[in-house]
Amino acid sequence: MDDQYELYCLADPLFYDTLDGRRGDHPDFALASRDLPEGWQHQATDTWMHYAPLTGRTPFQGWKIHVSARVEDAERAIEAVWDYCVPRGIAFKFLRSLPVMAMLNSKAAPRGASGKLVTIYPVDEAQLELTLKELDELLRGIEGPYILSDLRYGEGPLFVRYGGFAGRRCLADNGELVLAIEDGEGRLVPDVREPAFGVPSWVTLPAFLEPHLAARNAVTTEGLPYRVESVMQFSNGGGVYLAEDVRTGKRVVLKEGRPHAGLDAAGRDAVARLAHERDMLERLSGLEAVPALVDYFTLGGHHFLVEEFVDGNPLQRQLVHRYPLTSATCDEQTIAEYTAWVLDVLPKVRRAVESLHGRGVVFGDLHPNNILVTDDGRLTLIDYEVATLTADRGRAALGHPAFGAPADRQGVEIDHYALACLCLGLFAPQLTIMLSLDRAKVLDLARMIRETFPVPSEVIDDAVRAITGPEPAAPTPFPRPGAEDWPRLREAMTRAILASATPEREDRLFPGDVAQFQPGGGVNLAYGAAGVLYALERTGAERLPRYEDWLRARALAPAPGTALGFYDGLHGVAYVLDLLGHRQDAVDTVDLCLREKWESLELGLFGGLAGMGLNLLHLGTATGERSLGETAMKIVDICSDRLGGPDDVPEISGGGKPRAGLMYGSSGPALLFLHAYERTGDTSLLERAEVALRQDLRRCTAGADGTLQVDQGWRTLPYLDEGSVGIGVVLARYLAHRDDETFRAALDGCRLVTRGRYFVQSGLFTGRSGMIGALGWGLTPGPRASVPESTYLAEQLRGLDWHALPYGGGLAFPGNQLLRLSMDFATGTAGVLFAMSAVLHDRPVFLPFIEPPGDTNTPQGVSAHGFAGRFGPCDTAKEV
């Protein structure tokens, strides 16, 4: 689960949204409504309330002060900082509300930033020292979590770190734009924000802070009877470590609890939960399904629980390894073998849970990562920090969203619900998350599981009853992918999108991914209004002048910090405005972009130079503006110079290294080079495209099923954005110009990923819809395929029913993480609509710049350079 998504789930039960104090039941801190002091300016964001004097001299970077506090001390701390900083003209910011504070200090929150309630920006080291000294007195008695990225000042709630005050950015080693500070030579370098205190090499720690650093370094693990071997897991509440008990030589697990950190829904911190877990392990001592308690101690204020090390694999890892539907070569025998394994595991898990109930304990946090299975068959349940007593009929204050019981369940009913979700989730991984959006979705999941796996009906029926309860709600009827004709499906998705529109809002027009709450994100092509309007226009919807005007206004007066790129910023907005007939607005929007310092952007298609260059080539041709084409060719030259050679990228994508793929990798520049070659005939550009594609293929690996996927070290990716299917789309375009045996073989491997029968998400960029789109853009299985191509497409279209949900009298789909519905292009309903149009619509629908070279009006169903499908939309609809 991505940490940031849960924060945006608090405001609305159906869509990701901000905790704006003007909406919902989450008011801001009282200080946020205080009148702005004369001579001060104020800016509110999703999470922070910023205050600064109009005539101040706040520098771009320096030593900043953070104030940490418990929930009960928050208002006092903020008020003390306000009363101190305003008369002295010191800029500061504070978290806007208690819910935001609690979420950013939750167990799942990023460790590096957690605990920061207030940030203060002294203008120099003298003001830093005085402010720390005086605030230390004013905040006496306030306690808060230790801020891991900072150095603690004394024993109070004040912490310091050297870093940026302004939002300057630079390119990191992985090619992405990150927050930046100046080094000793005036160059912008990444402002590293790790969960450990450090000082940049060109900065000297102020002398008055040296005793505080010495005090920090004095706390060590020397003298303990445990030797830490490795880190098993980190959370904001503390770490989990594999260690050796030096007295016995046995391996043990050390679980750490940080005071005031890692809050749960009940407001308990990690220390309180760790002590609670100790008590539960004592109560459950001797059960085979429970690890033995070894010890409990404190060190440097942190609490540590020591328990038996169970040398087993999490059930989640086994699920990923065994699950058959993600393989291109999945057959009925493999499915039957997997089903037998699930039916063997489920009773063992149930017996383990019931053994806890026999001791009067509700586990409360059952999910595959908390179930260990050893080689000798022992099944162990781990992590008892939210367990409750059966007699209390309480509810866990933390839990996995795919297994968390609704509010009408208490006590052992919570475990029974989780067991039912586990049953369904082993056949449809992660999809029980959607039950919080529509409980009746369980009926769809049950039906599709029965159709796919040879599982006894009573097993699924029992799980459905446990989930729906004694009086299940009647499901809302809506058109089903794979069961309805294309016009009705198109109309249903369009209806849902329009039903969600909020033109009265300034920040976004259609609800989508949480990325739309970044500056300008509600406008862009990936997550904002431009992408939705683009999909609607391409699929034949009626024009929406009011919504187009909403987009035009925000394109010509963009919010500060709005990105420039094609999918994340203004270039994509300009592309859509031109498509909608607002050419002058498009040109004016591009002019705004060209006034910025765009040359330092990364190379990718999503937000970098490749996307900008492609858009300028397009607009230059469309408008006849020679300067746009010249700038585009300048970008081509920059990308060519910065690209490097075929081996100048690591073999692993992501994780701090440059990412591969269509949107973020070298395939984006390759696409730019190909378009430039098609316009100029310069074969050196074709050669640069070849180099770029070889860079991305260097970061791919072949699977046992013959698929080619992007290798991230810990997982492989097939998706459109940074997976192999996106690379395949560009490979197909290259092969339309020049044959290459290696590329043809790689394209075959990319094509095979479209045969996978299961995808956790439905979206265009990172889900099933990207596979559907790719099938329409040239990745249909090759001539050696033993099954007709339309069969694979029909399978993918039917597969959208795994995620289909009713909304607004129509058909909608969840976004990234599946926690909320999304209407956007990259993650949600608009993207699904667009992908289906690529294979079902009565005219060609292509992702921008993916249309066949030299012919953007190729009739649907006619092969052009290997791009369009080899079947007509009518025949495909019949197959479905």
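Excluded from the calculations below are hydrogen atoms, water molecules and symmetry mates; all remaining heavy atoms, backbone and side chain alike, are included.
Of the charged side-chain nitrogens involved, none lies within less than 4.0 Å of a carboxylate oxygen, so that Lys250 and Asp245 do not count as a salt-bridged pair. Salt bridge status for Asp191 with Arg193: present, with a side-chain N to carboxylate O gap under 4.0 Å. Salt-bridge formation is detected for the pair Asp264/Arg273: a Lys NZ or Arg NE/NH1/NH2 atom is positioned less than 4.0 Å from an Asp or Glu carboxylate oxygen. Glu79 and Arg76 are not joined by a salt bridge, as no carboxylate oxygen comes within less than 4.0 angstrom of a charged side-chain nitrogen. Salt bridge annotation for Asp136-Lys133: absent, with no cationic side-chain nitrogen under 4.0 angstrom from a carboxylate oxygen.
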**Request:** Starting from the C-alpha separation in whole Å, work towards a yes-or-no answer on side chain to side chain contact (heavy atoms under 4.5 Å, CB included) for Tyr162 and Lys64.
**Result:** CA-CA 6 Å; Tyr162 189 93; Lys64 61 180 73 175; over 6 Å; no
**Asked** Going through the checks in order, is the side-chain hydrogen bond (donor to acceptor under 3.5 Å, both in side chains) test met by Asp28 and Ser97?
**Response** CA-CA 4 Å; Asp28 293 335; Ser97 68; 4.7 Å; no
**Item:** Chi angles and distances behind the side chain to side chain contact (heavy atoms under 4.5 Å, CB included) call for Glu75, Leu31
**Value:** CA-CA 8 Å; Glu75 294 271 11; Leu31 267 292; 4.1 Å; yes
**Prompt:** Taking it one step at a time, do Lys93 and Met49 satisfy side chain to side chain contact (heavy atoms under 4.5 Å, CB included)?
**Reply:** CA-CA 5 Å; Lys93 68 178 181 181; Met49 309 296 277; over 6 Å; no
**Item:** Criterion side chain to side chain contact (heavy atoms under 4.5 Å, CB included) on Thr388 and Val361, from CA distance to verdict
**Value:** CA-CA 6 Å; Thr388 60; Val361 172; over 6 Å; no
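Seen from the ring of Tyr84, Arg88 counts as a face-on cation partner, given the 6.0 Å and 45° thresholds. The side-chain tip of Arg111 points at the ring of Phe234 from less than 6.0 angstrom away and within 45° of straight on. With Trp63 as the aromatic partner, Arg161 does not meet the cation-pi criteria of under 6.0 angstrom to the ring centre and within 45 degrees of the ring axis.
Using a 4.5 Å heavy-atom threshold, the side chains of Leu179 and Arg169 count as touching. Counting only heavy atoms from C-beta outward, the side chains of Leu117 and Met101 approach each other to under 4.5 Å. Annotation: side chain of Val67 is not in contact with side chain of Phe94 (no heavy-atom distance under 4.5 Å).
For Glu38, the CD atom is loosely surrounded, since the number of other residues' heavy atoms within 6.0 Å does not exceed 12. Few gaps surround CG on Asn217; more than 12 heavy atoms of other groups in view lie less than 6.0 Å from it. More than 12 heavy atoms of other residues, nucleotides or ligands lie within 6.0 Å of CZ in Phe208, so this atom counts as buried by the packing criterion. The neighbour count for Arg57 CZ, taken as heavy atoms of other residues, nucleotides or ligands under 6.0 Å away, does not exceed 12.
A donor-acceptor contact shorter than 3.5 Å is absent between the side chain of Thr119 and the backbone of Phe92. The main-chain N or O of Glu194 is never found under 3.5 Å from a side-chain atom of Ser149 such that the two would form a donor-acceptor pair. When atom types are taken as modelled, the side chain of Arg278 and the backbone of Leu281 share no donor-acceptor pair closer than 3.5 angstrom. Side chain of Ser33 to main chain of Ala30: a donor-acceptor pair is present (N/O by atom type, distance under 3.5 Å, no hydrogens or angles). Judged purely by atom type and a 3.5 angstrom limit, Ser235 has no side-chain atom pairing as donor or acceptor with the backbone of Ala108. Of the possible polar contacts, one joining the Asp183 side chain to the Glu185 backbone as a donor-acceptor pair under 3.5 Å is found. At distances below 3.5 Å, not a single donor-acceptor pair connects side-chain atoms of Trp48 with backbone N or O atoms of Gln43. Using a distance-only test at 3.5 Å, with no hydrogens or angles considered, a donor-acceptor pair links the side chain of Arg820 to the main chain of Asp12. With hydrogens and angles ignored, the 3.5 Å screen pairs no side-chain donor or acceptor of His212 with any backbone N or O of Leu151. Distance alone, capped at 3.5 Å, places no donor-acceptor pair between the His303 side chain and the Val271 backbone.
Aromatic rings of Phe304 and Tyr296 (six-membered ring for Trp) have centroids beyond the 6.0 Å cut-off, not under it. Taking the six-membered ring for Trp and the full ring otherwise, the centers of Phe159 and Tyr146 sit less than 6.0 Å from each other.
Residues Pro190 and Cys170 share a closest heavy-atom pair of N-SG, 3.5 Å. Looking at every heavy atom in both residues, Pro53 comes nearest to Gly89 through CG-O, 3.4 Å. Residues Tyr153 and Leu132 come closest through the heavy atom pair CE2-O, 3.7 Å. In plain terms, the two heavy atoms of Thr380 and Pro291 that are nearest each other are CG2-CD, 3.6 Å. Shown here for Phe29 and Ile78, the closest heavy-atom pair between the two residues is CD1-CD1, 3.5 Å. When all heavy atoms are compared, the tightest approach of Phe309 to Arg251 is CB-O, 3.5 Å.
Applying the ring pair (Phe, Tyr, Trp, His ring centres under 6.0 Å) rule to Phe165 yields the partners Tyr121; only residues at least two apart in sequence or on another chain are considered.
Side-chain contact, Thr18 with Asp46: no donor N or O sits under 3.5 Å from an acceptor N or O. Checking Tyr5 against Asp513 by side-chain atom types alone, a donor-acceptor pair falls below 3.5 Å. Under 3.5 Å, the side chains of Asp568 and Tyr527 contain no donor-acceptor pair of N or O atoms. Side chain to side chain, Gln61 and Arg168 meet the donor-acceptor criterion of an N or O pair below 3.5 Å. One side chain, Asn236 or Arg258, offers a donor N or O that lies under 3.5 Å from an acceptor on the other. A donor atom on one side chain and an acceptor atom on the other are found under 3.5 Å apart for Asp295 and Tyr226. Using a 3.5 Å distance cut-off with no hydrogens or angles, the side chains of His260 and Glu143 do pair a donor with an acceptor. Defined by atom type and a distance below 3.5 Å, a donor-acceptor pair is missing between the side-chain atoms of His276 and Asp279.
The CG atom of Leu601 sits 10.0 Å away from atom CD of Glu596, with the distance rounded to the nearest 0.5 Å. A distance of 8.5 Å separates CD in Glu176 from OH in Tyr664, rounded to the nearest 0.5 Å. Here the straight-line distance linking atom CZ of Arg395 with atom CG of Asp392 works out to 14.0 Å at 0.5 Å rounding. Atom-to-atom distance recorded for Lys657:NZ and Asn174:CG is 10.0 Å, nearest 0.5 angstrom. Distance check, rounded to the nearest 0.5 Å: CG of Leu284 to CG of Leu293 gives 11.0 Å. Here the NZ-CG distance, from Lys597 to Leu564, works out to 12.5 Å after rounding to the nearest 0.5 Å.
When Gln316, His400, Arg317 are each tested for a side-chain contact (heavy atoms from CB on, under 4.5 Å) with Asn369, only one passes: Gln316. Among Ile90, Val81, Leu158, the one residue that satisfies the side-chain contact (heavy atoms from CB on, under 4.5 Å) test with Ile65 is Leu158. Tested against Lys255, the residues Glu277, Glu307, Glu308 include a single salt bridge (Lys or Arg N to Asp or Glu O under 4.0 Å) partner, Glu277.
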